[in-house]
Amino acid sequence: MPAVVVVGTQWGDEGKGKATDQLGQDVDYVVKFNGGNNAGHTVVIDGEKFAFHLLPAGVLTPGVTPIIGNGVVVDLEVLFQEIAEIEERGKSAASLKVSANAHIIPSYNRLMDRATEKFLGDRQLGTTGRGIGPTYADKMNRIGIRIQDLFDESILRQKVRGALDQKNDLFEKVLGVEPIDPEAVADELLSYADRVRPMVIDDSLVLNDALDAGKTVLFEAGQATMLDIDHGTYPFVTSSNPTAGGACTGTGVGPTRIDSVVGVVKAYTTRVGEGPFPTELLDADGDRLREEGGEYGVTTGRPRRCGWHDAVVTRYAARVNGLTDLVMTKLDVLTGHETIPVCVAYDVDGERVTEMPLTQSGFHHAEPVYEELPGWTEDITGVRRFEDLPVNAQRYVERIEELARVRVSAIGVGAGREATIVRHELLG
């Protein structure tokens with residue numbers, strides 16, 4: 001099975017990093033195809049924790065070529081900070097490659113992001129302030145700066161001036177921010193040119209050649225389905241497509257080359273930032289999930305909003321992505337609950353609905369309809385076979401599988417790479 005896409009099925013933070021890292025032991029390429037350093041994932045190897053924001057998870061695996069695809073927006077300062085951090089810990093990023101067509105996050109877009117959020121006041125979207133949205137907006141407005149522009153100083157300076165011709169008026173007259181010197185911005189970007197040059201590739205050519213040669217490629221999404229700009233809870237979404245279709249546009253690999261799509265789903269549900277969240281718990285149960293699950297953002301440190309598993313969302317993600325498999329994470333966090341509610345439908349203005357509401361307003365007003373499942377008290381962190389799980393834990397997994405209409409092929413029962421129950425092979 002040479003081409004596998006890994007996506008998040010909820011609002012992010014499902015544990016895609018661990019899933020990608022595990023699968024990455026048996027692949028040749030791991031490709032990040034969307035987003036930037038506005039989200040992160042944690043990988044635990046031999047008890048040592050690594051937090052990535054921009055680097056693909058496969059950067060730590062010998063023999064794997066990690067690639068930042070053309071659909072990613074790259075903060076060069078963050079990129080080289082992350083490389084320096086892992087090198088200080090005895091790891092190497094020498095095999096990292098970056099698409100020539102990936103867009104760069106210039107310093108003025110970080111400023112634009114923060115200033116715009118402040119300007120919105122009560123209508124803030126809860127962005128991370130890292131310039132992701134403004135950089136994708138520049139891409140669509142055709143005033144963006146790409147990695148390849150670093151190698152032509154004249155073009156780079158021209159593009160930076162053109163972008164700031166528009167933005168400086170907005171900074172000064174609307175947002176009350178001092179205008180930015182385009183030459184200083186260009187100088188800063190050019191300072192990275194020699195360091196990034198050896199990494200730059202045509203990602204579409206490299207990946208298609210790899211697939212032609214029978215190599216295995218793992219496509220890694222940032223964020224998750226419910227944050228997709230087209231299919232998520234708009235406008236409380238990210239600025240890219242973290243759904244399976246984004247793997248194709250974000251790398252230049254056609255959809256007919258994708259063999260499977262693996263969705264990562266947490267045993268419960270979390271969300272960071274603003275926006276509707278039907279199963280959110282604003283009580284002791286929510287606090288307990290947050291603390292026992294360590295639900296704080298890898299990138300921002302923000303506490304995550306926590307709630308019971310939303311099977312409507314999971315089934316929607318299965319449809320939108322064409323999922324072939326689910327990887328369930330953090331099942332161990334649910335240990336000790338007498339009963340565990342699962343949202344199987346919504347009540348929307350008195351009507352029971354079992355699929356995602358058609359409108360934004362409908363989802364905003366959705367009230368969860370719960371099915372109570374019996375819990376378990378046994379420690380499951382050392383379990384490695386499904387049949388060795390407590391019966392109620394098995395039933396919980398099987399019910400989620402039934403509601404999602406997709407098989408649960410692997411189950412995470414702890415933070416480490418090894419703390420996984422494999423029910424069906426995801427590769428091969």
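Since this is a predicted model, take the numbers as computed values, not measurements.
Every salt bridge (charged side-chain N to carboxylate O under 4.0 Å, His left out) that R407 has, sequence neighbours left out, goes to D325. A search for side chain to side chain contact (heavy atoms under 4.5 Å, CB included) contacts involving I143 returns D138, N141, A163, Q166, K167, not counting sequence neighbours. In this view, E295 and K266, R304, K330 satisfy the salt bridge (charged side-chain N to carboxylate O under 4.0 Å, His left out) rule, not counting sequence neighbours. Applying the side chain to side chain donor-acceptor pair (under 3.5 Å) rule to E355 yields the partners R315; only residues at least two apart in sequence or on another chain are considered. Checked against side chain to side chain donor-acceptor pair (under 3.5 Å), E398 has no partners two or more places apart in sequence or in another chain. Looking at residues two or more places apart in sequence or on another chain, you find no side chain to side chain donor-acceptor pair (under 3.5 Å) involving E367.
Checked for salt-bridge contact, D113 and R110 miss the test: no charged N lies under 4.0 Å from a carboxylate O. At a threshold of 4.0 Å, the pair D75-R130 does not count as salt-bridged, since none of the basic side-chain nitrogens sits closer than that to a carboxylate oxygen. A salt bridge between E401 and R423 is present, with a side-chain N of the basic residue lying under 4.0 Å from a carboxylate O of the acidic one.
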>> Apply side chain to side chain contact (heavy atoms under 4.5 Å, CB included) to residues F219 and V30 and explain how you reach the verdict.
In response: CA-CA 6 Å; F219 299 85; V30 175; over 6 Å; no
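In this structure, L79 and L55 have side chains that are in contact, with non-hydrogen atoms separated by less than 4.5 Å. Two residues are said to be in side-chain contact when any heavy atoms from C-beta on lie closer than 4.5 Å; M226 and H231 fail this criterion.
Taking the ring centre of F277 as origin, the terminal cationic atom of R271 falls outside the region bounded by 6.0 Å and 45° from the ring axis. At least one cation-pi condition fails for R352 and Y346: the charged atom is not both under 6.0 angstrom from the six-membered ring centre and inside a 45 degree cone around its axis.
Between Y268 atom OH and T329 atom OG1 the span is 7.5 Å, to the nearest 0.5 Å.
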